[in-house]
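Below you'll find the structure, written out as structure tokens, and then a few comments.
To find a chain, count down the sequence lines: A is the first, B the second, and so on, and within it residues start at 1. What you see is a predicted model, and the numbers here were worked out from it, not measured in a lab.
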Amino acid sequence: VTERRPRVAVLVFPGSNDDRDAAWALSAVGADPQLVWHADTELPRVDAVVLPGGFSYGDYLRCGAIARFAPIMEAVADFAADRGPVLGICNGFQILCEAGLLPGVLRPNQSLSFVCRDVPLVVERTDTPFTARCELGETLTIPVKHGEGCYHPPDDLPDEQIALRYAPGENPNGSERDIAGIVNADGNVMGLMPHPEHAVDPLLGSGDGGLILASLVDAARERSYSRAP
Amino acid sequence: VIDLEVDAPSAEEARSKLERMCEDLLANPLIESYEIELEERA
């Protein structure tokens with residue numbers, strides 16, 4: 001039996017630069033990735049959406065502040081409202097925050113320097129479409145590369161929405177509560193600063209990012225079976 | 001400081017347009033505050 005390859009949209013904004021890596025990595029873990037241009041107003045028939053890293057619209061004003069007005073974002077909001085899984089990586093996380101699909105905001109790193117290195121992350125939740133393949137408390141090694149990754153949550157962000165934390169003493173950017181990745185209240189939208197798509201092959205340092213992307217692909221496959229063909 | 005030219009029939013309407021721009025785009029109210037100063041142009 002061959003498992004179905006669920007279709008996963010990877011959005012492409014002007015200035016996205018991890019879109020092809022994301023598509024390649026999703027394909028490596030069993031998805032059929034579809035690149036979707038920011039100016040489109042509708043998503044093709046997909047069962048998950050990924051907002052990749054990069055510098056959308058040059059990141060002018062604030063990271064993600066312009067991209068959230070992209071024509072495709074209305075369709076992404078509708079997809080999220082329909083409980084479709086949406087994953088924002090790095091700049092994608094920043095865009096989801098600016099769009100109000102995730103709480104909080106990403107500020108310049110505390111060091112005011114760009115940071116680019118592997119970081120250990122602790123899995124805080126495994127009951128999400130993005131972490132189901134992980135073990136609770138497991139440490140994942142996944143690279144970060146960003147200048148604005150210092151997460152500032154709203155005061156009332158519950159612990160239950162924290163999916164990933166930087167391991168103790170390993171916070172690379174000053175994020176409050178060591179937050180590396182969060183989910184929305186419904187648990188179907190996640191943003192994280194580390195790049196799982198750059199960690200899907202142990203030959204290149206780590207395969208741990210594959211757990212996150214494969215979890216997403218599992219959820220997408222599940223969704224694809226649950227709707228009419 | 002961001003300078004904008006706003007076409008509006010009254011100062012109140014100009015201010016309300018600018019407030020919306022600040023809330024939706026120019027400032028992120030979670031971490032930023034803003035003040036609006038109006039100056040009438042002929």
Is it the case that more than 12 heavy atoms not belonging to A:R7 sit under 6.0 Å from its CZ atom?
yes

The reported gap from CG in A:L106 to CD1 in B:I31 (rounded to nearest 0.5 angstrom) is 9.5 Å

Tell me, yes or no, whether the heavy-atom count around A:E42 atom CD, taken from other residues, nucleotides or ligands under 6.0 Å, exceeds 12.
no

For a quick check, list the donor-acceptor atom pairs closer than 3.5 Å between chain A and chain B, or say none.
unit_1: A:R62; atom_1: NH1; unit_2: B:L25; atom_2: O; d: 3.1
unit_1: A:R62; atom_1: NH1; unit_2: B:L26; atom_2: O; d: 3.2
unit_1: A:R62; atom_1: NH1; unit_2: B:E32; atom_2: OE1; d: 3.3
unit_1: A:R62; atom_1: NH2; unit_2: B:L25; atom_2: O; d: 2.7
unit_1: A:R68; atom_1: NH2; unit_2: B:D24; atom_2: O; d: 2.4
unit_1: A:E98; atom_1: OE2; unit_2: B:N28; atom_2: ND2; d: 3.3

